[in-house]
Amino acid sequence: MLANKYWAPRVKKKLPFESKVIEDVYGKEIVKSKFAIRKIMLLEFSQYLENYLWMNYSPEVSSKAYLMSICCMVNEKFRENVPAWETFKKKPEHFPFFFKRVLDASLVENDSEFSLQEQTILLLFLDHCFNSLEVDLIRGQVQQLISLPMWMGLKPARLELELKKTPKLRKFWNLIRKNDGKMDENAQTQAYQERRFLSQLIQKFISVLKSIPLSGPLSMDKVHYCERFIELMIDLELLDMLKFYTGFEINDQTGNALTENEMTTIHYDRITSLQVSRHERRISQIQQLNQMPLYPTEKIIWDENIVPTEYYSGEGCLALPKLNLQFLTLHDYLLRNFNLFRLESTYEIRQDIEDSVSRMKPWQSEYGGVIFGGWARMAQPIVSFTVIEVAKPNIGENWPMRVRADVTVNLNVRDNIKEEWEGLRKHDVCFLITVRPTQPYGTKFDRRQPFVEQTGLVYVRGCEIQGMLDDKGRVIEEGPEPKPRLKGDSRTFRVFLDPNQYQQDMTNTIQNAAEDVQPLFYDCCILEDKLPLTALCLLVHIVEKKAVLETIRHLMNTDCVVPDWLHDIILGYGDPSSAHYSKMPNQIASLDFNDTFLSIDHLRASFPGYSIKVTVEDPALQIPPFRITFPVENEVGKKRKECDEERAEGPRVLIVEPHVILNRGPYPYNQPKRNTIQFTHTQIEAIRAGMQPGLTMVVGPPGTGKTDVAVQIISNLYHNFPEQRTLIVTHSNQALNQLFEKIMALDIDERHLLRLGHGEEELETEKDFSRYGRVNYVLARRLELLREVGRLQESLGVPGDVSYTCETAGHFFLYQVMSRWEEYMSKVKVKGSKLPDVADICSFFPFHQYFANAPQPIFKGRSYTEDMEIAEGCFRHIKKIFTQLEEFRAFELLRSGLDRSKYLLVKEAKIIAMTCTHAALKRHDLVELGFKYDNILMEEAAQILEIETFIPLLLQNPQDGFSRLKRWIMIGDHHQLPPVIKNMAFQKYSNMEQSLFTRFVRVGVPTVDLDAQGRARASLCNLYNWRYKNLGNLPHVQLLPEFRTANAGFLYDFQLINVEDFHGVGESEPNPYFYQNLGEAEYVVALFMYMCLLGYPAEKISILTTYNGQKHLIRDIINQRCGNNPMIGRPNKVTTVDRFQGQQNDYIILSLVRTKAVGHLRDVRRLVVAMSRARLGLYIFARVSLFQNCFELTPAFSQLTARPLQLYIIPTEYFPTTRQNGEHPSHQVHVIKNMPQMANFVYNMYMHMIQSTRQHRQLADETSNLSMKHELIDGILIACLNAIVKEHVRKMQWQQDR
């Protein structure tokens, strides 16, 4: 009621501001409810902060209730993971005063002024401020608390000791003291309070801590206060972690990481100086990490204290590290990622194990053994388990170097499932599970009860597949050769066990007389009468997780060498723009843009603010390709003012030099492939930045041509720096394949392309770009080229067999071909000032017979220059044959496919593509091979986890202690959905979903923001372009017929359709977080059927929803209504918004599902993805009253609600239409008020079409003799009609039953 009177967004006549309202709300709603989350959540959702609290805040009206209300709202926004500071940015003038009030209130000792619970809320607010340093408004206040002057709180002796350690700091300290002397009294007082704030807060924490009794009743308010204090101090919560980080291996003054030797020296220095025996030598973090098993066991997997439950509400502290903006060292960076990654993978393993073991239904048999009442696709009972090798430990280690075992299973299952098991690849991960069930046969499993007790699960041990064994007991190796077909159902897999876990199990068995884990897997089935045990071999697809963990651990055992220009930026320190090409010392002045520009006018339009100077005057010669010389903007060591003055001097000049691509030969395929895209000036800036050394960040909103920019950068690097190698990394195989297919369309030699990983099967091309596919290509190409050598030999009349090998071909070229060419050149080259006769070029040409199959005539006879270039082009064609054969010569010496593929990877390929998963999986192998690269380009960078982005930087060994990496191009969109983290605690609390791309944007790394989209209608683009900087439309969006034509059968190109409860039910939740909405689902399917009946191709329509539950419901309804109907069919996809990121379709039907709370659509990134998938039409079904009141969704929903909220259709207008978009239709418009009306309308429309079709067929029968064919068609139509009628009757009966 108060919201509707004072601040609700849709209320036009609001009452004036009253501070008493804030006092009442805080006292009666917030404090009285003991800060109940539900109360605060409702207040925050009603836009209390935006429309009432902050817009009316001033020092005059500030009070305790006002202060606390604002802090509660901001904390709730962080809990909901929505932007919190936008409101403050719009009215920043009172924020410094407000922040000072928070600081003062945090230090109050009297509980009657601010209770400990209220001060805990203030601490949480301050913690959010410390984690928002990328916001200028916040940083300006927080920096005053944590800069060097805060050392004022140190005792004089300690201060002197710290200044002695780092003499450079004494200079800054003296400067601070000097500036303090110039302050007036008030400024000195304020500065003194700010500098001593943290020390006073520490003292308050100590007093609270001391007030907690050692025994007896405990005040939870004090505990929560202490938790929040520690979170604020070190951004970590667990006290063990506090101890860990106090001894972190870093120099406290310089921030440099300490080596093992330096740590040892410090340890002995402490003993010597203090003469205290209590100092214990810590096991180094590396040793702890190396001794840790990588696979989780049953003790970790189901420990809620270690792996929190999925449904984390966002309240309270957790014992988890966080990924924030800055890290102490690369070691700290890797360690935090390792711990979080391990826990996240453990959570996923728990989900998979619980699902599969529950499906297997392990029960205790009547005789005490085990029986399985069900089956699971990912799980099979083990027939036998044998440890076949325990290798000796490496020197200095106490765990085996390697432990291998053979696991046999009986695959008496369907062929497709058997193929999945037989298709297990090297490095895939499985889990060996021992169960000892106590539940009798037939007991139902209750998912609400503890899983371990119900199933009798005893042990879980991980293993890694080496391969499947053949009939002779040998591992079947991966390769181009087909796998042998094995008889029977018994299959044996050789696996690697975790050596650390094996050693721990054996030690535990010997020292503690514990049960021996390993024999259980062997004894379980063979000796079932002896032990009531069995085991499952459970396939869990976490290959990338284990590979990443192994890679992180390996990196922490080596010196991580990243380029100097990247080091500080990765850690979050220093100048965030220091790696921009304008500040790189090795900036390149002149670059060949190859086929980037379509014309000289295109080039001029691409560099606004530059003066273009072309080296040739003749307009006819001003054609691409262009080589451009830039004024070098080296800003290293210059102050910002100097750089600005240089830019202000006048327009900078670009020197443009057109050049002609050398003739490559007379055949049509010799002509280079050319780019046909007219890049915008921001795309050109992104391409230019990508060609220069340094870090390039490209933000690409939907439809702005991110992939086209990436491909052009790759092509330009390939042509400008032919000796360099470029690594392409993406998040998904789909994105990598799209990128690769576009690369193939450009002027890049096919032999230099290589695609690593298992996704190459999905490439929409007949060519195979995998390692073995490339080997086969090279071998086939070698034979093809040798045949060309044979044809050349025959044309020249040279005897012998010179086309037998690459070596003999090389001798032929050197002694026969080159001699003829040199003789020819001596006859036709210019001697003195007189040009030879043009006819001589043709008459003396020695290779006429060889080029007889080329388009004739080869020589035009128009000019000496033209014909000479043609002759040289012909020779270049011949020379290229022998150049390639020389490169392929190694393939004659290397005999195995594996060796050939390694050579291809290390020597031949110039552009290597892989997913980030494959990079982590194969890092060790790539480094050992000596893999090298100079440039990295990452697509989908905002969807890749922080650590998975970092690993590709280190796929090669350093050269002389330095990284050879020259360029890092990251292309992504942080305004769309981030990496997927399944556990909400890791996602929200630990910020694990933050990509490195997003973190770089947050710390202020310069970006190139693409600003013109060509995917969607301009009206559809308006629904999401508010989220980006100046996102406009490409001209074709306004000009092409498909964008100008209206959507047939619809009055509008987009609409928000309100859906009320169906039979009194809105959203439902059959399982936790499995949301469904039957009314919306039926409406969505009815609209899809309507569109198909109008003639829309079903593959042009996709149905999206925001929840998995709704996705399954819509699929079920489609299967029942129209899935098998030939007149309608199925949509292109029915999936969630999250899954559809990176994809698009012409028409999108979207169901938002929720009717009680907005849910996760409140994440604006999800909204952007949902609004940006459609090209031509978007139709959204939702409870309008709920979503239009959400502050974060306002920019989009204000446009959606400006149109009618009922569906406006034109059922007599068929697809395609000639009506222009926005033009009033000549056909009658129908208004659909609700779902039942739409369902009946579509049913009647379908029946009418069936009858019309039958009448048409009957009329045709009267004039033709094809009655049998028509009877068959009628039979099909009648069958379809009967199915529809039955379904309609069933639906009506179901509604009556409801």
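Atom set for the values below is all heavy atoms of this structure, side chains included, hydrogens, waters and symmetry mates excluded. Residue numbers count from 1 along this sequence.
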Test Ile969 against Ile713 for side-chain contact (heavy atoms from CB on, under 4.5 Å), laying out the working first. CA-CA 9 Å; Ile969 303 113; Ile713 291 172; 4.1 Å; yes
Test ring pair (Phe, Tyr, Trp, His ring centres under 6.0 Å) on Tyr1208 and His1230; report intermediate values, then the result. CA-CA 6 Å; Tyr1208 279 56; His1230 288 239; over 10 Å; no
From CA spacing to verdict: side-chain contact (heavy atoms from CB on, under 4.5 Å), Ile1180, Leu1152: CA-CA 7 Å; Ile1180 305 169; Leu1152 299 186; 3.9 Å; yes
Quick one, Ile628 with Ile655, criterion side-chain contact (heavy atoms from CB on, under 4.5 Å). Give me CA distance, side-chain angles, the key distance, then yes/no. CA-CA 6 Å; Ile628 303 177; Ile655 299 172; over 6 Å; no
Evaluate Asp601 against Ser599 for side chain to side chain donor-acceptor pair (under 3.5 Å), listing each step before the verdict. CA-CA 5 Å; Asp601 291 332; Ser599 65; 4.9 Å; no
Quick one: do Leu1010 and Val699 satisfy side-chain contact (heavy atoms from CB on, under 4.5 Å)? Show the steps, please. CA-CA 6 Å; Leu1010 305 184; Val699 177; over 6 Å; no
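A cation-pi arrangement is present between Arg688 and Phe630, with the terminal nitrogen or guanidinium carbon under 6.0 Å from the aromatic centre and inside a 45° cone about the axis. In this structure, Arg1017 fails the cation-pi test against Phe1043, since its NZ or CZ atom is not both closer than 6.0 Å to the six-membered ring centre and inside 45 degrees of the ring normal.
With Gln1013 contributing its side chain and Leu1031 its backbone, the two residues share no donor-acceptor pair below 3.5 Å. Side chain of Glu1213 to backbone of Gly1049: a donor-acceptor contact under 3.5 angstrom is found. A donor-acceptor pair is defined here as one N or O able to donate and one able to accept, closer than 3.5 Å; such a pair exists between the side chain of Gln622 and the backbone of Val616. Judged purely by atom type and a 3.5 angstrom limit, Thr1194 uses its side chain to pair as donor or acceptor with the backbone of Cys1190. A side-chain donor-acceptor contact under 3.5 Å links Gln1143 to the backbone of Arg1139. The main-chain N or O of Asp595 is never found under 3.5 Å from a side-chain atom of Arg674 such that the two would form a donor-acceptor pair. The backbone N or O of Pro1204 lies less than 3.5 Å from a partner atom in the side chain of Gln1055, making a donor-acceptor pair. Side chain of Thr1201 to main chain of Phe1197: a donor-acceptor pair is present (N/O by atom type, distance under 3.5 Å, no hydrogens or angles). Side chain of Lys910 to main chain of Ile748: no donor-acceptor pair is present (N/O by atom type, distance under 3.5 Å, no hydrogens or angles). The backbone N or O of Thr1106 sits less than 3.5 Å from a side-chain atom of His1160, completing a donor-acceptor pair.
Ser606 and His681 share no donor-acceptor pair across their side chains, judged by distance under 3.5 Å alone. At a cut-off of 3.5 Å, with distance as the only test, no side-chain donor of Asn1047 or Arg1219 sits close to an acceptor on the other residue. Ser732 and Glu940 share a donor-acceptor pair across their side chains, judged by distance under 3.5 Å alone. Between the side chains of Asn737 and Gln734, not a single donor N or O lies within less than 3.5 Å of an accepting N or O. In this structure, a donor-acceptor pair under 3.5 Å is absent between the side chains of Asn1058 and Gln1206. With 3.5 Å as the limit, one finds a donor-acceptor pair spanning the side chains of Asn935 and Arg967. Side-chain atoms of Thr998 and Gln994 include no donor-acceptor pair closer than 3.5 Å. With no hydrogens or angles considered, no side-chain donor-acceptor pair links Asn1022 and Gln1199 at under 3.5 Å. Between the side chains of Lys583 and Ser577, at least one donor-acceptor pair of N or O atoms lies under 3.5 Å. Side chains of Gln712 and Thr596: a donor-acceptor N/O pair is present below 3.5 angstrom, by distance only. In this model, no donor atom of one side chain and acceptor atom of the other lie less than 3.5 Å apart for Asp1138 and Thr1136.
Here Lys706 does not pair with Glu939 in a salt bridge; the nearest charged N to carboxylate O distance is not below 4.0 Å. Between Arg1015 and Asp1146, none of the side-chain N atoms (NZ, or NE/NH1/NH2) sits under 4.0 Å from a carboxylate O, so this pair counts as no salt bridge. Look at Arg1044 and Glu1223 and you find no salt bridge, because none of the NZ, NE, NH1 or NH2 atoms lies under 4.0 Å from a carboxylate O. With respect to Asp934 and Lys966, a salt bridge is recorded, a charged nitrogen being found less than 4.0 Å from a carboxylate O. Salt-bridge formation is not detected for the pair Asp1053/Arg1175: no Lys NZ or Arg NE/NH1/NH2 atom is positioned less than 4.0 Å from an Asp or Glu carboxylate oxygen. Under a 4.0 Å N-O distance rule, the pair Lys1029/Asp1011 does not qualify as a salt bridge.
Ring geometry, Phe607 versus Phe597: the interplanar angle falls from 30° to 60°, so the pair is classed tilted. Ring-plane geometry between Tyr1147 and Phe1215 is classed as perpendicular, the angle between the planes exceeding 60 degrees on a 0 to 90 degree scale with a lower cut at 30.
In this structure Tyr1096 satisfies the side chain to side chain donor-acceptor pair (under 3.5 Å) test with no other residue, sequence neighbours excluded.
You'll find the side chain of His719 stays beyond 4.5 Å of the side chain of Pro625, heavy atoms only.
Closest of all the heavy-atom pairs between Ala941 and Ser995 is O-CB, 3.8 Å. Summarising the geometry of Thr915 relative to Val729, their closest heavy-atom pair is C-CG1, 4.1 Å, with the distance given to 0.1 Å. The minimum heavy-atom distance linking Asn1132 with Ser1102 is given by the pair OD1-OG, 3.4 Å. Pairing each heavy atom of Phe1088 with each of Ile1128, the nearest pair is CE2-CG2, 3.9 Å. Looking at every heavy atom in both residues, Gly1014 comes nearest to His1036 through O-NE2, 2.9 Å.
A ring-centre distance under 6.0 Å is found for Tyr1028 and His975. Between Phe1181 and Tyr1083, a ring centre-to-centre spacing shorter than 6.0 Å is recorded. When ring centroids are compared, Tyr1052 and Phe1050 stay outside the 6.0 Å threshold.
In Asp618, the CG atom is crowded: over 12 heavy atoms of neighbouring residues, nucleotides or ligands sit closer than 6.0 Å.
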